[in-house]
Amino acid sequence: MSFRENSTAELWGSFMPERREIKNIVGSQLYSVQVYDPSYFSDFEPYKYFEKWAAIEVADFDSVPDNMETFNLKGGLYAIFVHQGSGTDDRTFRQIFTNWLPNSAFLLDNRPHFEILGEKYKNGDPNSEEEIWIPIKLKH
C-alpha cells in the first residue's frame with residue numbers, strides 16, 4: 001500500500017475475524033508492521049508503495065492457517081515512542097521524523113517499523129495508546 005492509497009482498514013478488517021484460526025498465540029498484543037525499501041525515506045513521496053502486515057505473535061509456525069503468511073521480525077535497536085490519539089493523527093510520527101531523529105545520535109535503520117497495539121489501544125478513540133517502534137542505528 002502507500003500513504004496516499006492507504007488500505008489499513010481493509011487489511012485489519014480481513015485479519016481480525018480470521019485470527020481466531022491461529023493456534024499457539026503468545027499474548028494478546030497486535031502488531032502493525034511496515035517494511036520499506038532502503039531508499040523509501042530518503043526521497044519520500046506519499047504514493048510510494050510499502051509492505052504492511054497485520055500480525056500477532058505466535059510460539060512457532062507449525063500450524064499457520066492456509067490463508068495466512070508468516071513474518072519473522074528480526075531484532076535490533078529500536079527507538080520506542082508512545083502515541084496517544086487516533087491512528088489517523090500523525091503528530092507523533094511528524095515529531096519523530098522532523099524533530100527527534102534529526103537531532104538524535106541515531107540514523108534510521110533499514111529494518112521493519114512497527115506499532116504494538118496493546119491493552120490501551122482503542123481503534124479510532126482519541127484516548128487510544130500504542131507503542132511506535134522505529135529501527136535505528138548509531139551515527140558514525
Side-chain angles (χ1 to χ4, degrees):
M1 73 177 65
S2 71
F3 285 105
R4 182 166 287 161
E5 297 171 11
N6 191 330
S7 54
T8 300
E10 293 86 352
L11 174 65
W12 283 99
S14 66
F15 176 77
M16 292 304 283
E18 303 293 325
R19 74 181 174 138
R20 287 169 178 66
E21 293 180 32
I22 302 170
K23 308 298 180 216
N24 63 358
I25 292 174
V26 176
S28 61
Q29 296 175 327
L30 300 170
Y31 296 80
S32 180
V33 182
Q34 295 78 228
V35 180
Y36 301 101
D37 286 339
S39 65
Y40 190 88
F41 291 99
S42 61
D43 187 25
F44 177 77
E45 293 290 337
Y47 62 83
K48 287 170 86 175
Y49 287 101
F50 60 92
E51 194 176 304
K52 188 161 190 164
W53 293 73
I56 194 161
E57 185 178 358
V58 294
D60 55 54
F61 296 145
D62 293 344
S63 58
V64 178
D66 291 338
N67 58 341
M68 293 190 181
E69 296 181 40
T70 61
F71 184 89
N72 190 10
L73 182 64
K74 296 182 178 144
L77 185 61
Y78 279 86
I80 305 167
F81 303 87
V82 175
H83 169 71
Q84 184 173 12
S86 75
T88 58
D89 179 356
D90 68 349
R91 64 188 153 94
T92 304
F93 284 102
R94 280 187 281 126
Q95 171 70 13
I96 293 167
F97 289 104
T98 62
N99 188 19
W100 183 84
L101 190 59
N103 294 304
S104 75
F106 301 98
L107 296 171
L108 196 58
D109 200 0
N110 184 30
R111 289 180 287 117
H113 299 223
F114 63 95
E115 294 81 48
I116 297 178
L117 313 176
E119 291 178 8
K120 295 182 180 180
Y121 178 76
K122 298 175 187 79
N123 189 20
D125 190 315
N127 296 313
S128 179
E129 284 188 21
E130 63 190 81
E131 289 183 3
I132 298 172
W133 291 56
I134 304 295
I136 56 174
K137 61 185 176 182
L138 281 170
K139 291 179 182 175
H140 295 291

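Residues Thr8 and Asn6 have side chains that bring a donor and an acceptor to within less than 3.5 angstrom of each other. In summary, the side chains of Glu5 and Ser7 do not present any donor paired with an acceptor at a separation below 3.5 Å, with no hydrogens or angles considered.
Leu30 and Ile56 get closest at one heavy-atom pair: CD2-CD1, 4.0 Å. Ser39 approaches Ser42 most closely through the heavy-atom pair O-OG, 2.9 Å. For the pair Val26 and Val58, the tightest heavy-atom approach, listed with the atom from each and the gap, is CG2-C, 3.7 Å. Asn110 approaches Pro38 most closely through the heavy-atom pair ND2-CG, 3.4 Å. Considering all non-hydrogen atoms of both residues, Val82 and Thr92 come closest at O-CG2, 4.3 Å. Across all non-hydrogen atoms, the minimal contact from Lys52 to Gln34 is CE-OE1, 3.3 Å.
Put simply, CD on Glu18 and CG on Asp66 are 11.0 Å apart, with the number rounded to the nearest 0.5 Å. Considering CZ of Arg91 and CD of Gln84, their distance stands at 7.0 Å, rounded to 0.5 Å.
Here Tyr49 sits alone; no ILVMFWY side chain lies under 4.5 Å from its own, so it joins no hydrophobic cluster. Residues near Leu107 contribute nothing to a hydrophobic cluster around it, because no ILVMFWY side-chain heavy atom sits closer than 4.5 Å to its side chain.
Inter-residue side-chain proximity for Ile22 and Pro65 is flagged as met; some heavy-atom pair is nearer than 4.5 Å. Phe106 has its side chain within reach of Trp100: a pair of non-hydrogen atoms, C-beta onward, lies under 4.5 Å apart.
Under the 3.5 Å distance criterion, the side-chain polar atoms of Arg111 are matched with a main-chain donor or acceptor of Leu77. Side-chain N or O atoms of Lys48 include one that pairs as donor or acceptor with a backbone N or O of Asp43 at under 3.5 Å. Side-chain N or O atoms of Asn103 include one that pairs as donor or acceptor with a backbone N or O of Asn99 at under 3.5 Å. A donor-acceptor pair under 3.5 Å is formed between the side chain of Asn24 and the backbone N or O of Asp60.
Both Tyr31 and Ile80 are assigned to one and the same hydrophobic cluster, defined by single-linkage of ILVMFWY side chains at heavy-atom distances under 4.5 Å. Criterion: ILVMFWY side-chain heavy atoms under 4.5 Å apart, direct or through other members. Under it, Leu108 and Leu138 are part of a common hydrophobic cluster. Using a 4.5 Å cut-off between side-chain heavy atoms of Ile, Leu, Val, Met, Phe, Trp and Tyr, with links allowed through other members, Phe71 and Phe61 fall into different hydrophobic clusters. Grouping the Ile, Leu, Val, Met, Phe, Trp and Tyr side chains by contacts below 4.5 angstrom, directly or via other members, places Ile136 with Ile96. Cluster annotation: Phe44 is connected to Ile132 through the hydrophobic network of ILVMFWY side chains, with a link wherever side-chain heavy atoms come within less than 4.5 Å.
Legend: residues meeting ring-ring contact (aromatic ring centres under 6.0 Å, His included) with His83, ordered by chain and number and at least two apart, are absent. Partners of Arg4 according to the side chain to side chain donor-acceptor pair (under 3.5 Å) rule, which considers only residues two or more places apart in sequence or in another chain, do not exist here. Judged as a ring-ring contact (aromatic ring centres under 6.0 Å, His included), and not counting sequence neighbours, the contacts of Phe41 are Tyr36, Phe97, His113. Every residue two or more places apart in sequence or in another chain that forms a ring-ring contact (aromatic ring centres under 6.0 Å, His included) with Trp133 is listed here: Tyr78, Phe114.
Looking at Trp53, Trp12, Phe15 one by one, the single match for side-chain contact (heavy atoms from CB on, under 4.5 Å) with Ser32 turns out to be Trp12.
Around atom CD of Glu10, more than 12 heavy atoms belonging to other residues, nucleotides or ligands sit under 6.0 Å away. For NZ of Lys139, the number of neighbouring non-hydrogen atoms (other residues, nucleotides, ligands) closer than 6.0 Å is greater than 12.
Note: Phe50 and Phe3 meet the aromatic proximity criterion, with ring centroids under 6.0 Å apart.
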